[in-house]
Structure formats: C-alpha cells, structure tokens
Amino acid sequence: MSAHRYRFAPSPTGFLHIGGARTALYNWLLARKSPEDALVLRLEDTDRERSTDEAVAQILDAMEWLGLDYDEGPFRQTERSDIYAERLEKLLSSGAAYWDTAGAGEVKLAKERSGGAGYRGTPVPEGTAGAAVRLRVPDEGHTTVNDVIRGESAFENRLLDDFVIARADRTPLYNFAVAVDDTDMGVTHVVRGEDHLSNTPRQLLVLKALGADPPLYAHLPLLHGTDGKPLSKRHGAASVQELRDIGYLPEAVRNYLALLGWGYDAETTFFTTHDLIEKFSLERVSRSPAVFDEQKLSWMNGHYIREMDTAELTRRVAEWMAARDISGADDPRLEQAVAAVKDKVSTLAEVPRLVGFAFGPVETDPKAWDKVMGKEGARDLLERARTALAGVDPFDEAQIEQALQRVVEDTGAKPGAVYQPLRVAITGKTVSAGIFESLALLEREEALQRIDQALDRL
RNA sequence: GGCCCGUUCGUCUAGCCUGGCCUAGGACGCCGCCCUCUCACGGCGGAAACAGGGGUUCGAAUCCCCUACGGGCUACCA
C-alpha cells in the first residue's frame, strides 16, 4: 500500500474562513485515515502584501484550535524561489516555455481575430522589454481533468491560451508554482475548492511539460452565504477565529463542517472525529454548493455541550472566560454554575451571560424590574421568600427548593409569582439559571443581601 | 462573449452511478401541543422539495436532449 500525501494550501491572509476550514478538515480527515499518509501544508503566498508572518501565524493558530495538525510545512511560496527558478529554466531550455511580450490587451485582440482560439505568442529573446514567460499549449487534443467528485471534464487545448507562468523577473505565477510544488512535494491528492477546477488543465499542462505525473484531484463545491451568494471576505464569511470567539467548540465545528457538502447516510448527524476519519470519503461529497447556516451549528454546539462531561466543560468555559477577562473564570463555584446552565446554553459565551450575576455585582435590567416587581403582591411574596430562605440550612438546592415550595403552598400563589421577583432580585434579569441553583450558587449571605436591596427599592 | 461546473423541503442532506422498495426519508429552522420557576432542554404532532420542457421506458428524482437559472475560470492575483 502506497502512502498518500494531501496538500492543503490556504491563502495566509490571517483569516481562515469557513470554506478554507472545511477544505482543511477534509484534507486532514483523508490524511489521517492511514498512518503512512501525510498532510502537507503549502501556503499560497506569492501575494507578499497580505501574507505577513503575523497573518501566517493566525492561520496556523486557527488550524490548531480546530485540531488540524499537519505533517510537513508550512511551505511558503516566497521561500521556494530556487525551486521555481530551476524548473522554469528547464522548461525554457526544452522549449516548452518561451519569452513573449504580449500584454492582456494584445492577447484579447489576438483572440478576437482568431475567433476565440487560445492565444499563441511569438518567442523573443530573454530580456526583451516587457517579456514574460508563457507555457506552450498544444493546438490539438484535450486536457482532461479527472476529478474524484465530478468525473471527467475535458478542456480543448485549442481554446486555452499560452498562459504566463513567470514574470519578467522570473518570479513564478500561481498555476506554475502550484504545479511545481505538487510534483516537488510528492503530493498525490489535491482536495480544494471548485473555483480551481478551471485552473486545473493549466496545472496539468505544466506537470506534463515537466514530465511529472499529475496528482488525483477533488474539487469541492463552494460554500455560500444565507443569501445564496458565494462566501467571501467582504461577504460576511465567518472565520474560524470568530467561531471560537463566539464560544463554539472545535469538535462541534468539525462535525458541522464535515456535514457541509457531505453526508454519510440518511440519518447519522453526529460523528466523533474518529468516526469522521473512518467514514469520510470524497466519493460521497456533494457536487452542489452548500449554505453555511449558523443556526444549525449553534444547535449542534449545544448538543456537544450537553454531552460533555461537566468538569471538562468547566475547563473550557474557564479558558474561554479567562482569555476575555471575564470575571469568574477562576472562581471555585464555576463548575457549579456550569452545571446549572449546561442544558440551557448553545455556546460557551452564554454561560457567563446566564451566571455572571454570581461573580459580580447585580446589574438590574430596568425592564425586568418593572415587569416583575410591579406586579401585585410581588413585595409581599419576596419578603416571605426572604424569611423562608433565612432559615434554610444547609443552603443547598434541595433545601432551598423545599423552603420555597412551602411558601408557594402557604400563600397559594402561582410558583412564578414567588420565583420571578426572587430571580430579578438576585440576578437582575428575568432569564437565568434555575432559581434554586442560582440561590445556592450565591450562598445565603449574598442572596439575602441582594433580596434586602431589592426590598429597599420597592 | 468563450470554456467548465452545478440545480431534491427556507437550510444541510438521503435517494441518483446499479430506473420500480419514493404516497421522496432524516436533521436544523418554523408552527402547534405537552413538560415547566424564567429561558432553555426534552417529548409529541404539523406545514414544507425532485428548476422547467421534451424524450426513452410498462414504469423516471433516478437515463438522454433542450431551456432557464446559479456559479467558476478566462490576470505578468492566488
């Protein structure tokens, strides 16, 4: 059995968008299928402007968070100029490539005259003003892309231009550089976005000129936004960094991303990463674009949170809070707080939102106050609840519940009429964790104090 | 314009290759009911799709053709 080498090539713009993350994930899943396979990370950074070291570091950081490790790389295009120079020379001396002075305008003109046939240049000596290197494309035959997902697509050579593979200063262009890297790095599988399908014949032509065997290609459908337009930076594409900030779990993101454009069977929705590695296959990848739907991600994330061990979840929440200087990250009651809201949240960010009251002063929402405290009998019930709570010992959920239920029974009030004023008094909001849990979390002294404060205001 | 790719519920998809088991299945979302201290969670039920038109066939979501629509590429960007 031979080893496979998968190539993942993000643009290091400091921004790993959802589509890129999915491509990374698919490559990673494939490369992890067998121990001898490898994931090669090649960075598409001919564009020096955007690919600063900092931007590269951000991409790598996002991949690490997602749990996508690589075996070789990151290879930066800017650091491989020797290799491209050598291959370029080889093509030039064999006549497979030549210097030509035509610019975009001339190419367009020539194509119009020839009725749409591909542009063919006239070789000039190196150093001629404005000359760049073009690859000689055959006039006859087809260049056929054999795609694992889409099958065969044939492109007529006659219609393809002799395209530029290097600038006047011999720096390589994308279609050349990438093909050189594929052979040079021994890449066997290229799994990338569909936007590269039309570039593939050009890369195939370079490979052929170099006398190299092409890798296996798989072009994934693009990802679209909720408006049905392709996702792009200026088009509200979420990045994995943003997903991390909002409080998504990497395992949930992996699961969700895997399902964007791929399905295993009619009913399986949840996959452990182990399952994914085992079950994922390119043959089952969809051919049409998928829309990134955060609602479903959110639901799935909630599922992962509920399934997670509370201690582990607490660790994640603490880490998330600490990274954002949110108070309570190192509070010993955090685990108790997490347990109280585990069923209610769908992201890590919602945890401090629901239990933050326990880790800092009450911030009373005026609307909540008016709505609840303005009700008939609110003050009286709050007072009775206070009295009942003062005698609870130990001050734990079970005892608190008993005591408060007695208040409900004795007064004949609706449970909500007793609990809501209490909730507003101690949390400042109408929405929070369960009232018994919230009270216990606060502990008696603090709870009573907050109730007294509320009573004073009433 | 040329070339290439695509089109199943609002969304992600199963089914398509190897026509009949599809009165098209599941999930998110939505609506209703139940549970309930708020919000959630959970349970139950519901509305909701084969882009259109021609063929082939006893039979087509599945095979063929056309049209429409969407997208990509067509840079001395990647």
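Chain letters run A, B, ... following the sequence lines, proteins first and then strands; every chain starts at 1.
Of the residues listed (A:Leu25, A:Leu243, A:Val253), the one engaging A:Leu66 in a side chain to side chain contact (heavy atoms under 4.5 Å, CB included) is A:Val253, and it is the only one. Partner A:Arg120 forms a salt bridge (charged side-chain N to carboxylate O under 4.0 Å, His left out) with one of A:Asp161, A:Asp139, A:Asp100 and no other, that one being A:Asp139.
At a threshold of 4.0 angstrom between heavy atoms, the contacts of A:Arg158 with the nucleic acid are absent. Using a 4.0 Å heavy-atom criterion, one finds that A:Ala168 contacts the bases of the nucleic acid, with or without backbone contacts as well. Across all strands, A:Asn199 comes closer than 4.0 Å to base atoms (heavy-atom distances). Residue contacts for A:Ser288: at a heavy-atom cut-off of 4.0 Å it reaches the sugar-phosphate backbone alone, with no base atom in range. Across all strands, A:Pro289 comes closer than 4.0 Å only to sugar-phosphate atoms, never to a base (heavy-atom distances). Counting any heavy atom pair closer than 4.0 Å across all strands shown, A:Phe292 reaches no nucleic acid atom. Residue A:Ala9 is out of contact with every strand shown, counting any heavy-atom pair closer than 4.0 Å. As judged by a 4.0 angstrom heavy-atom cut-off over every strand, A:Ser153 is placed among residues touching the sugar-phosphate backbone only. Among the protein residues, A:His219 comes within range of no part of the nucleic acid, since none of its heavy atoms lies under 4.0 Å from any strand. Nucleic acid contact class of A:Leu197 (heavy atoms, under 4.0 Å, all strands): sugar-phosphate only.
Rounded to whole angstrom, the span from the CD atom of A:Glu126 across to the C1' atom of B:C76 amounts to 15 Å. When rounded to the nearest whole Å, the span between CD of A:Glu294 and P of B:G10 equals 22 Å. Rounded to an integer number of Å, the gap from A:Glu267 CD to B:A14 P is 12 Å. Between the CG atom of A:Asp265 and the C1' atom of B:G26 there is a distance of 9 Å, given to the nearest Å. The nearest whole Å value for the distance from the NZ atom in A:Lys296 to the P atom in B:C12 is 9 Å. Atom pair A:Asp195:CG and B:C77:P shows a separation of 18 Å (rounding to whole Å applied). At whole-Å resolution of the value, CZ in A:Phe271 and P in B:A14 are 10 Å apart.
In the set B:U74, B:A27, B:C12, B:U74 carries the atom at the smallest distance from any side-chain atom of A:Lys111. Out of B:G72, B:C76, B:C12, the shortest distance to the side chain of A:Leu222 is found at B:G72. Of the candidates B:A40, B:C73, B:U13, the closest approach to any side-chain atom of A:Asp343 belongs to B:A40. Closest approach to the A:Arg150 side chain among B:G29, B:G6, B:A14 is made by B:G6 (side chain taken as heavy atoms from C-beta onward). Closest to the side chain of A:Ala104, out of B:C39, B:C76, B:G72, is B:C76. Among B:C76, B:U74, B:G72, the nucleotide with an atom closest to any side-chain atom of A:Arg202 is B:U74. Taking every side-chain heavy atom of A:Arg134 into account, B:C76 is the closest of B:G29, B:U13, B:C76.
Ring pair A:His303/A:Trp299 is tilted by interplanar angle, where 30° to 60° counts as tilted. Using cut-offs of 30° and 60° on the angle between ring planes, the pair A:His196 and A:Tyr174 is tilted. Between A:Tyr304 and A:Phe270, the two ring planes are perpendicular [angle over 60°; tilted spans 30° to 60°].
Here the side chains of A:Val145 and A:Glu152 are not in contact, with every heavy-atom distance at 4.5 Å or above. Looking only at side-chain heavy atoms (C-beta outward), A:Phe280 and A:Tyr264 stay at 4.5 Å or farther from each other.
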Heteroatom pairs (N/O) under 3.5 angstrom, protein to nucleotides 65-70 of chain B:
none

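A gap of 37 Å separates the P atoms of B:C50 and B:C39, to the nearest Å. Comparing B:C66 with B:C5, their P atoms are spaced 13 Å from each other, to the whole Å. Rounded to the nearest Å, the gap between the C1' atom of B:G72 and that of B:C34 is 50 Å. Separating the C1' atom of B:G19 from that of B:U57 is a span of 9 Å, rounded to the nearest Å. Annotation: B:U67 and B:A75 have their C1' atoms spaced 33 Å apart (nearest Å). B:G20 and B:A61 are spaced 13 Å apart, taking the C1' atom of each and rounding to whole Å. If you take atom C1' in B:C69 and the same atom in B:G25, they sit 28 Å apart, rounded to whole Å. For the P atoms, the distance from B:G70 to B:U62 is 23 Å, rounded to whole Å.
Within the shown strands, B:G46 is the pairing partner of B:C30 under the Watson-Crick or G-U definition, both distances less than 3.5 Å. Checking B:C16 for Watson-Crick or G-U wobble geometry (two distances, each under 3.5 Å) identifies no partner in any strand. Under the Watson-Crick and G-U wobble criteria, each requiring two contacts below 3.5 Å, nucleotide B:C41 is left unpaired. The base-pairing partner of B:U7, taking Watson-Crick or G-U wobble contacts with both distances under 3.5 Å, is B:A68.
Interface remark: the A:Lys344 side chain does not form any donor-acceptor pair with the B:C41 base, using a distance-only criterion of under 3.5 Å.
Distances shown here put a side-chain N or O of A:Arg167 below 4.0 Å from the OP1 or OP2 atom of B:C77. At the phosphate of B:U74, neither OP1 nor OP2 sits under 4.0 Å from any side-chain N or O atom of A:Ser198. For B:U13, neither phosphate oxygen OP1 nor OP2 lies less than 4.0 angstrom from any side-chain nitrogen or oxygen of A:Arg287. At B:G42, one or more side-chain N or O atoms of A:Arg306 fall inside 4.0 Å of OP1 or OP2 (strictly under the cut-off).
Heavy atoms of other residues, nucleotides or ligands lying less than 6.0 angstrom from NZ of A:Lys279 number more than 12.
Residues A:Ala166 and A:Asp293 each lie close to RNA chain B; by heavy-atom proximity, the contact nearer the 5' end of the strand is made by A:Asp293. Taking for each of A:Arg423 and A:Gly116 the nucleotide of RNA chain B with the nearest heavy atom, the 5'-most of the two is the partner of A:Gly116.
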Requested in this report: Decide yes or no on side-chain hydrogen bond (donor to acceptor under 3.5 Å, both in side chains) for A:Glu350 and A:Ser346, but give the supporting numbers first.
Outcome: CA-CA 7 Å; A:Glu350 289 168 48; A:Ser346 58; 2.8 Å; yes

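Between the side chains of A:Thr78 and A:Asp45, at least one donor N or O lies within less than 3.5 Å of an accepting N or O.
Judged by distance alone, with hydrogens and angles left aside, the side-chain atoms of A:Arg134 form a donor-acceptor pair with the main-chain N or O of A:Asp162 at under 3.5 Å.
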